[in-house]
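Working notes, structure below.
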2 protein chains.
Amino acid sequence: MAFTIGELGKATGTKVETIRYYERIGLLAKPERTSGNYRSYGKAELGRLSFIRRARDLGFPLHQVRALLSLSDDRTRDCATVDALARDHLAEVERKIVDLTALRSELSALLDSCEGGTVGDCRIIEALAPPATSGETL
Amino acid sequence: MAFTIGELGKATGTKVETIRYYERIGLLAKPERTSGNYRSYGKAELGRLSFIRRARDLGFPLHQVRALLSLSDDRTRDCATVDALARDHLAEVERKIVDLTALRSELSALLDSCEGGTVGDCRIIEALAPPATSGETL
DNA sequence: CTTGACCCTGTAGTTCCTACAGGGTGCATA
DNA sequence: TATGCACCCTGTAGGAACTACAGGGTCAAG
């Protein structure tokens with residue numbers, strides 16, 4: 001029910017130093033301490049750190065992670081504020097899903113051609129290719 | 001048909017300094033120069049830089065971006081090498097799609113509850129919550 | 001009671017940009 | 001022709017987000 005920093009790190013795939021860093025910058029609250037001055041964490045911190053790490057893995061910078069966390073931290077916000085914040089992030093999430101889906105297609109196609117024994121043309125760059133500035137004929 | 005570094009930056013949403021940085025670390029080849037010593041780029045560089053930026057936005061570190069680019073750069077690789085590399089990245093891409101989809105659901109739910117006029121409980125942390133270590137009962 | 005795995009605080013290094021400083025290019029326009 | 005102004009050049013230094021020690025304390029096992 002209570003973990004050490006090392007256990008929390010293992011459970012979330014985070015280096016111990018990184019957890020202390022997040023505490024230092026205020027992304028994680030200062031945890032309880034044991035009699036021997038060891039940090040002691042519960043399941044709430046496990047969830048929060050897990051969220052942070054996965055959001056980071058998805059390319060969100062820490063200031064955006066902080067904003068996302070504030071959606072659940074700050075129960076005093078009014079609807080309009082929450083709405084605007086969530087809407088922006090939703091748009092970004094959807095954009096990323098589109099890009100990842102294109103990348104997945106291209107990696108799949110590459111694997112399929114490999115299965116046939118030949119390397120085949122790699123169009124992986126085209127998968128995430130030029131910005132969708134409508135109307136260009138490059 | 002040929003762009004300056006500033007145009008390339010605008011087209012890909014990249015700062016000029018970042019493009020020069022990518023050149024310095026060998027992620028982009030040294031481009032042609034004009035008579036006035038300006039860098040001159042073509043559409044190949046536009047595609048490549050676009051790919052790099054979007055892969056970065058999706059959370060891939062530069063060494064992985066380099067590996068992905070090598071799939072299309074290195075025409076001498078054998079199938080087994082390409083296969084292993086592509087397979088690893090495909091797994092990671094799929095994992096990210098799962099996470100982003102969960103995050104999208106949670107943000108949508110939050111927006112829906114807002115639309116109803118109430119802030120509603122935010123389960124955004126749960127969306128990307130603890131690692132899927134099967135069998136835990138926290 | 002000591003040994004090894006873990007924890008503590010600090011600080012310095014790495015990655016990936018980002019922002020000047022100090023100077024040159026190139027095109028419009030007065 | 002000159003004189004802006006926006007853009008380019010090569011540095012180098014700063015910032016964000018970690019990551020890796022150094023030097024020392026804690027604790028369960030043997």
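Proteins get letters first, then strands, A, B, ... in listed order; numbering begins at 1 in each.
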- Honestly curious: do B:Tyr38 and B:Ile19 fall in one hydrophobic cluster under the side-chain, below-4.5 Å linking rule? no

- Query: Above 12 or not: heavy atoms from other molecules or residues under 6.0 Å from CD of A:Glu32?
  - Reply: no

- Query: Starting at the 5' end of DNA chain D and moving along, which residue's nearest nucleotide shows up first, B:Lys10 or B:Glu23?
  - Reply: B:Lys10

- Note on the structure: Taken to the nearest whole Å, OH/B:Tyr21 to C1'/C:dT18 is 11 Å

- NA contact type, A:Ile25, heavy-atom cut-off 4.0 Å: base, sugar-phosphate, or nothing? nothing

- Message: Using a 4.0 Å heavy-atom cut-off, does B:Arg39 contact any base of the nucleic acid, only the sugar-phosphate backbone, or nothing at all?
- Response: sugar-phosphate

- Query: What nucleotide among C:dC6, D:dC8, C:dA19 has an atom nearest to a side-chain atom of B:Lys15?
  - Reply: C:dA19

- Message: Can you work out whether B:Arg53 or B:Thr34 has the more 5'-proximal nearest nucleotide on DNA chain C?
- Response: B:Arg53

- Task: For the side chain of A:Arg33, starting at C-beta, report the closest nucleotide among C:dC17, C:dG26, C:dT9.
- Result: C:dT9

- Starting from C1' on C:dC16, measure out to CZ on B:Phe60 and report it in whole angstrom. 17 Å

- Could I get the full list of side-chain hydrogen bond (donor to acceptor under 3.5 Å, both in side chains) partners for B:Ser40, not counting sequence neighbours? none

- Spacing of A:Ile19 atom CD1 relative to C:dT9 atom P, expressed in whole Å: 13 Å

- Query: Quick one: on DNA chain C, does A:Tyr41 or A:Arg24 contact a more 5' nucleotide (nearest heavy atom)?
  - Reply: A:Tyr41

- Task: Please report, rounded to the nearest Å, how far the C1' atom of C:dG10 is from the CZ atom of A:Arg20.
- Result: 10 Å

- Find the distance A:Leu58:CG to D:dA17:P and express it as a whole number of Å. 16 Å

- Item | Of the listed nucleotides D:dC9, D:dC27, C:dA19, the one nearest the side chain of B:Asn37 | D:dC9

- Message: Can a donor-acceptor pair be found, under 3.5 Å and without considering hydrogens, that links the side chain of A:Glu106 to the backbone of A:Leu103?
- Response: no

- Item | Rounded interatomic separation in angstrom, taking NE2 from A:His63 and P from C:dT18 | 11 Å

- Message: Does a side-chain N or O of B:Thr4 approach OP1 or OP2 of D:dC8 to a distance below 4.0 Å, or not?
- Response: yes

- Message: Quick check for you: among D:dT19, C:dA19, D:dC27, whose closest atom lies nearest to any side-chain atom of A:Ser35?
- Response: D:dC27

- Query: Does NZ or CZ of A:Lys96 fall inside the cone over A:Phe60's six-membered ring, less than 6.0 Å from its centre and within 45° of the axis?
  - Reply: yes

- Atom CZ of B:Arg66 to atom C1' of C:dC16: distance rounded to whole Å? 12 Å

- Message: Please tell me if B:Tyr22 has a side-chain N or O lying less than 4.0 Å from either OP1 or OP2 of C:dC17.
- Response: yes

- Query: Choosing from D:dC9, D:dT19, D:dG25, which nucleotide comes nearest the side chain of B:Tyr38?
  - Reply: D:dC9

- Message: What is the distance, to the nearest angstrom, from the CD1 atom on B:Ile52 to the P atom on C:dC16?
- Response: 12 Å

